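Convention: sequence-line order gives letters A, B, ...; per-chain numbering from 1. The structure presented is a predicted model; accordingly, all values stated were derived computationally and were not measured. Any value given below was found using the heavy atoms of this structure, including those in side chains, with hydrogens, waters and symmetry copies removed.
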Number of protein chains: 2
Amino acid sequence: MGKTLLYVDIYKSLKSDIECGTISVGNFLPSESELTQRFSCSRMTVRKAISLLANDGWVQSIRGRGVRVIWNARGSVKKENVFSVEGLPSFTESAHAIGAVPSAYVFLLDHVVCTTEIADMTGFPEGTDLTRVGLVRSLDGKRMAIDRHHFLTSEIPGIDRKVATSSLFHYIEVDLGIDIVVSEREITVEKPTVQDRKLLSLEGPIYLAVTHSRTYDSNGVEFEYVESKYLPQYFHFFDTATRNPLP
Amino acid sequence: MGKTLLYVDIYKSLKSDIECGTISVGNFLPSESELTQRFSCSRMTVRKAISLLANDGWVQSIRGRGVRVIWNARGSVKKENVFSVEGLPSFTESAHAIGAVPSAYVFLLDHVVCTTEIADMTGFPEGTDLTRVGLVRSLDGKRMAIDRHHFLTSEIPGIDRKVATSSLFHYIEVDLGIDIVVSEREITVEKPTVQDRKLLSLEGPIYLAVTHSRTYDSNGVEFEYVESKYLPQYFHFFDTATRNPLP
DNA sequence: CAGTGGTCTAGACCACAGC
DNA sequence: CTGTGGTCTAGACCACTGC
């Protein structure tokens, strides 16, 4: 399946060296010229691989010195019992990563026509048909999050209870053959609504971690808008930021 | 200061076209070959500029078709009265961006030697001298966040109450001439401690949005570890994620 | 089919760090 | 001074899109 992209090979090789400790934190990667020889490729290909590592927060390039491996938060938290919200893994993938058994309960599944109000919120064109899916996510039987999806029905047709309960990501990526390419996400902290309280059996005062995101396929079409609300103890988000690009 | 980097010029030019609506959401940028002619440069330089736009979440490349402008959350919230936690702006910069008057109260300023426990938390080497700074941040006189900094004293010496109260970022970047390059950040939602409650005058049950981050300079040295706790109504975080690089 | 972006090569000059 | 990464050129072939 996997076409062998040269820079992906190099990326994986270097990342593996870092994860295994062959190159430890604070030390430098082999120089670009050394890597071009080792992999028999051009310098640009090596640099592409290194830029992937840098974007992931594994390394930092220092002009005149080399490329240094830096501390990476993901490594140290990996095996703890927290549900990590990072990159674009599916709920099921994230659950398996921490050895928990995921399940889902469908509390909503219907169709609506996109109104002006919904269009403002979701970014979908007015008048289009949207599939709404409401899910309560559980880990090892304990309810921990609510997902409220809006799907563009023309792109993601045929969602039923069975699909919604198993894995929406799997259905979209494998069954429909759609590439999930990019997602914009906004994180806030809000009080639960009355419905939230019922769905998660919340009692007393509490706040939820809320994410709103829009997902695009490889054709640049937005096909999903989703609001997720997490119980605070299950919410963990990692980010790597850079301060520079535009002076 | 402003060396003219070609790809930064192209980046700014295209970004300006998008922000002004010259190229609106859903439409395509000029093709790479057209841009190479317009800017009299090689294709790689154009692609570098486009990759910056893509990393910022402005556009999405679609093979065989072009580069499409996509909806961008930052644009629609820009002028609202929310304090945006995004990229690596300083507190003062973010405050000015929404037209609010920032202020700070120093509740802690001392030195400690890095113990094993602190080293685990912050990532600093054991035995080094650390400068601790505790701040309560206010917007227009209303307390909204707590910052607890640990600075590597050897890299960031001379922090006093005056520096801490005005702008730490300005002191580090301008006065000390240190480039802030990259920062790793973790976001969670937690209950306030007793001290948090006193500092923010909190009453009743509430949760805070918490970020932990490590900041590195251009030499790859971690010089700052900071925990920030925000009142929920002031916390907004934006992120663009991609699902691909490593199959 | 022509046009697009994705990958890749083989060079070049520069700014900077360390000796 | 050498070696490093940062920028940039001028090509090439490929996979994919739309006509």
Side-chain angles (χ1 to χ4, degrees), chain A residues 1-12 14 27-55 59-70 177-179 181-182 216-221 242 244-247, chain B residues 1-12 14 27-55 59-70 177-179 181-182 216-221 242 244-247:
Chain A
M1 163 140 262
K3 185 88 64 54
T4 335
L5 292 186
L6 234 180
Y7 70 81
V8 173
D9 273 355
I10 301 174
Y11 166 84
K12 286 198 279 195
L14 291 173
N27 290 87
F28 289 85
L29 297 185
S31 73
E32 293 182 355
S33 66
E34 189 179 332
L35 289 172
T36 60
Q37 290 174 28
R38 181 187 302 181
F39 291 97
S40 306
C41 66
S42 77
R43 200 178 149 207
M44 190 202 117
T45 307
V46 164
R47 285 176 60 76
K48 172 81 175 174
I50 292 175
S51 79
L52 288 182
L53 288 170
N55 281 338
V59 300
Q60 174 182 356
S61 294
I62 307 168
R63 161 143 58 182
R65 300 229 276 152
V67 179
R68 172 180 275 169
V69 177
I70 62 177
I178 292 178
D179 287 327
V181 171
V182 65
Y216 298 79
D217 65 17
S218 58
N219 291 319
V221 177
T242 54
N244 236 357
L246 47 156
Chain B
M1 55 190 71
K3 186 84 65 51
T4 337
L5 291 187
L6 233 181
Y7 70 81
V8 172
D9 274 354
I10 302 174
Y11 166 84
K12 285 198 279 195
L14 291 173
N27 289 87
F28 290 85
L29 297 184
S31 74
E32 292 182 355
S33 65
E34 189 179 332
L35 289 172
T36 58
Q37 290 174 27
R38 180 185 303 179
F39 292 95
S40 307
C41 67
S42 76
R43 202 179 147 206
M44 190 202 117
T45 308
V46 165
R47 285 176 60 76
K48 173 81 175 172
I50 291 174
S51 79
L52 287 182
L53 288 170
N55 281 338
V59 301
Q60 175 181 354
S61 295
I62 308 169
R63 160 143 60 182
R65 298 228 279 152
V67 180
R68 171 180 276 168
V69 177
I70 61 178
I178 291 179
D179 287 327
V181 172
V182 63
Y216 298 80
D217 66 17
S218 59
N219 291 320
V221 176
T242 54
N244 235 357
L246 49 157

Between P on C/dT7 and CG on A/D9, what's the gap in Å once rounded to a whole number?
13 Å
Would you tabulate the nitrogen or oxygen pairs shorter than 3.5 Å linking the protein to nucleotides 10-13 of chain C?
unit_1 : atom_1 : unit_2 : atom_2 : d
C/dA12 : N6     : A/R43  : NH1    : 3.2

Without decimals, in angstroms, what is the distance between B/I62 CD1 and C/dG6 P?
10 Å
Spacing between A/R63 atom CZ and C/dC14 atom C1', to the nearest angstrom:
8 Å
Give the nucleotide from the list C/dG18, D/dT17, C/dG5 with an atom nearest to the side chain of B/R65.
D/dT17
What contact category does B/L6 fall into here, base, sugar-phosphate, or nothing, at under 4.0 angstrom with non-hydrogen atoms?
sugar-phosphate
For A/Q37 and C/dT9, give me the distance from atom CD to atom P, rounded to whole Å.
14 Å
Keeping A/Q60 on the side-chain end and B/D217 on the backbone end, is there a donor-acceptor pair under 3.5 Å?
yes
Taking only the side-chain nitrogens and oxygens of B/S31, find out if one of them lies under 4.0 Å from OP1 or OP2 of C/dG3.
no
Reference residue A/V46; test side chain to side chain contact (heavy atoms under 4.5 Å, CB included); the match among A/C41, A/S51, A/S33:
A/C41
Over how many whole Å does the gap from B/K48 atom NZ to C/dG6 atom C1' extend?
16 Å
Any side-chain N or O of A/S33 less than 4.0 Å from the OP1 or OP2 oxygen of D/dT4?
yes
Whole-Å distance separating the CG atom of A/D217 from the P atom of D/dT17
11 Å
Nearest non-hydrogen partners of A/Y7 and A/T45, listed with the distance:
CB-O, 3.6 Å
Should A/L14 and A/L35 be marked as a side chain to side chain contact (heavy atoms under 4.5 Å, CB included) after you check the CA-CA gap, both sets of side-chain angles, and the distance that decides it?
CA-CA 10 Å; A/L14 291 173; A/L35 289 172; 4.2 Å; yes
Can you tell me if the side-chain N/O atoms of B/T45 get under 4.0 Å from OP1 or OP2 in D/dT7?
no
Can you tell me the distance, in whole Å, between the CD1 atom of A/I50 and the P atom of D/dT4?
12 Å
A/L52 CG - C/dC8 P separation (whole Å):
11 Å
Measuring from the side chain of A/Y7 (C-beta onward, heavy atoms only), which nucleotide among C/dC8, D/dT7, D/dG5 has the closest atom?
C/dC8
